[in-house]
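Only one structure is covered here, and it is reproduced in the block below.
Whatever order the structure lists ligands and atoms in, that order sets their numbers, starting from 1.
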Amino acid sequence: MSIKILDSTLREGEQHPGVRFSADDKIHLIQLLEEFHVDYIEIGHPAISPEDAEICKKAAQAARKAEILMHARAVPEEIKATQQAGAHWVGIWASINPLSLTTKFRGKDKSDIAKRVIQSIEYAKQLDLKVRFTIEDASRTEWEDIQFLASLAVGAGADRISLADTTGVWEPYQCAQTIKTAVDNFPCEIEVHLHNDFGLATANALAAIEAGASVIDTSILGIGERSGIVDLLQLAVILQEKRADTRFSLEQIPLLSQAVQMTTHHRPDSLRPITGRHAFTHTATYHRKAVSVQPESYEAFEPTLVGRTRQILERPTSVISKLPCRLQIGKPFPKGSSELKYHTDGPGKRWVLMDHRVDSRTSLYAIKRFFNGEEPE
Ligand code: HCA
Ligand code: CU
């Protein structure tokens, strides 16, 4: 059975600092995600505010193929809000780990939490919603507690159990062990939600797939709380190149990446696999030579696979003498300013102005960046 992909850019991604999607942003991203062929789209938490409820409702109406999921705590009003906004699925979540109890459950004992979870799931089923029940912070929760709460959730009618590595602490072997135990113990599909605090989210996703998980949560460029979650775009490329899963429209990757950059102002750093500015740039002299004859010498896959182009960049030292502009290095900037500044006074007449306190290595760095087309910060 092929793995299903849930994209949570519009819910988890909206928890990235400074990110707030309008209804139109969400509608546009839903269209792109559907064209990319994800299976589920998690679009928000409608109970947060009337505005969120309205945005979720408009966005849900735009979905054509993907099943739409909305987030809710184990509270009847929040579950009702997802139904009113047109969700197919409600994602109910609760933690049973005292380290991470949300304010709703702080001070409550385990049987109390279980009671609320059961009631919420039963209520959601009465509303004709499909239910994903997530054990938040599963990666720091004793297996006995996971088993206790998840078994009750399944008994109450949950269609799927999701285990969350909320703080991104799993190593791949630990993730695989827990997912395998869940697959062996629960008579339903297992989903996994993996944060990237140690940079292991994608590795953990692959381990979870090997262990039998049915659904992986992702977001475009991995955006989410703190260091985010599994990057949809990276995972899709890995699934195609390493697992022969060819369903994704990988050539659309630049469109998805740009849509998120434009709506969130988040930029992937230049080293980021697939979407980073220099993910397909070759610089070292012998790399450049080898790649111009035989690209696979230094490429894991063709850049065109993901809608990108190869870039061959000369090494900066040889480039500086060919700069098409006038440079003035080390010109004192007004006292009190400690930043690098630049100034343009017409085509071909660019000047890089430096603060008098920065050293020559920093100035070289500024020139390199300047030549590479980026403005010095
Ligand atoms: C959150 C926490 C969560 C929930 C995941 C889920 C996590 O932001 O509410 O409900 O499946 O990482 O545990 O994103
Ligand atoms: Cu999360």
Side-chain angles (χ1 to χ4, degrees), residues 4-17 19-20 39-48 52 56 67-75 78-79 81-82 87 89-106 113 116-117 120-121 124 129-141 145-146 149-150 153 158-170 175 178-179 182 186 188-198 200-202 204-205 208 213-232 235:
K4 292 185 194 136
I5 301 295
L6 179 145
D7 187 85
S8 189
T9 307
L10 305 178
R11 195 282 294 173
E12 175 76 52
E14 207 169 35
Q15 294 174 210
H16 193 73
V19 175
R20 180 86 173 124
D39 302 280
Y40 303 99
I41 307 180
E42 183 169 7
I43 68 168
H45 194 128
I48 289 178
D52 283 270
C56 282
E67 292 188 39
I68 296 296
L69 194 137
M70 297 182 203
H71 216 214
R73 290 181 298 175
V75 180
E78 297 201 3
I79 294 163
T82 69
W89 285 76
V90 57
I92 302 174
W93 52 281
S95 168
I96 191 166
N97 175 2
L99 266 179
S100 69
L101 291 187
T102 55
T103 44
K104 241 337 180 221
F105 292 149
R106 211 178 290 285
I113 296 170
R116 284 166 185 258
V117 166
S120 318
I121 295 174
L129 290 163
K130 289 193 219 163
V131 176
R132 175 194 73 190
F133 175 65
T134 301
I135 307 232
E136 190 189 16
D137 206 23
S139 50
R140 295 187 301 181
T141 303
D145 288 338
I146 294 178
L149 198 56
D159 299 276
R160 196 150 79 213
I161 295 296
S162 179
L163 299 182
D165 181 11
T166 304
T167 52
V169 294
W170 262 338
C175 173
T178 311
I179 296 301
F186 306 130
C188 62
E189 291 189 327
I190 302 299
E191 177 170 332
V192 63
H193 180 90
L194 300 159
H195 275 266
N196 201 30
D197 298 67
F198 281 115
L200 290 172
T202 309
N204 284 335
S214 301
V215 184
I216 307 284
D217 291 6
T218 62
S219 70
I220 301 168
L221 301 177
I223 62 170
E225 291 271 358
R226 309 181 308 281
S227 304
I229 61 168
V230 177
D231 181 342
L232 169 69
L235 185 64

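Cation-pi geometry between R132 and Y40 is not met: the NZ or CZ atom fails to fall both under 6.0 Å from the ring centre and inside 45° of the normal.
Using a 4.5 Å heavy-atom cutoff, the side chains of I96 and T141 are in contact. Between W93 and T166 there is no side-chain heavy-atom pair separated by less than 4.5 Å. Between I79 and L129 the shortest side-chain heavy-atom distance falls below 4.5 Å. A 4.5 Å side-chain heavy-atom check between D145 and N97 finds every atom pair outside the cut-off. When side chains are defined from C-beta on, E225 counts as touching H195, because their heavy atoms get closer than 4.5 Å.
In summary, the atoms of ligand 1 found under 4.0 Å from a heavy atom of H195, numbered by their order in the structure, are 12 (O). When each atom of ligand 1 is checked for a heavy atom of A164 under 4.0 Å away, the hits are 13 (O). Close contacts between ligand 1 and R11 involve ligand atoms 1 (C), 4 (C), 5 (C), 6 (C), 8 (O), 9 (O), 14 (O) [criterion: under 4.0 Å to a heavy atom]. Counting atoms of ligand 1 from 1 in the listed order, those under 4.0 Å from a heavy atom of E136 are 2 (C), 13 (O). Listed by atom number, the atoms of ligand 1 under 4.0 Å from W93 heavy atoms are 9 (O), 10 (O).
Atom 8 (O) of ligand 1 has its closest protein heavy atom at Q15 NE2, 2.8 Å. Nearest non-hydrogen protein atom to atom 13 (O) of ligand 1 is T166 OG1, 2.7 Å. Of the protein's non-hydrogen atoms, the one nearest atom 10 (O) of ligand 1 is H71 NE2, 2.6 Å. Looking only at protein heavy atoms, the nearest one to atom 14 (O) of ligand 1 is E12 OE1, 2.9 Å.
Between T134 and ligand 1, at least one pair of N/O atoms sits closer than 3.5 Å. Looking at ligand 1, you won't find any N or O of D217 less than 3.5 Å from one of its N or O atoms.
Atom OE1 is the N, O or S atom of E12 at the shortest distance from the Cu ion (ligand 2).
At a cut-off of 2.8 Å, D217 does not coordinate the Cu ion (ligand 2) through any N, O or S atom.
Using a cutoff of 4.0 Å between basic side-chain nitrogens and carboxylate oxygens, R20 and D52 are scored as salt-bridged.
When each of W89, F186, F133 is checked for a side-chain contact (heavy atoms from CB on, under 4.5 Å) with R160, only W89 meets the rule.
Here the CG atom belonging to D231 is positioned 5.5 Å from the CG atom belonging to L221, to the nearest 0.5 angstrom.
Expressed to the nearest 10°, the angle at the Cu ion (ligand 2) joining NE2 in H195 with NE2 in H193 is 100°.
Contacts with ligand 1 closer than 4.0 Å are made by side-chain heavy atoms of R132 only, the backbone lying farther away.
The shell of residues lying under 4.0 angstrom from ligand 1, judged by heavy atoms, excludes E225.
Side-chain contact annotation: E136 with S95, donor-acceptor N/O pair under 3.5 Å absent.
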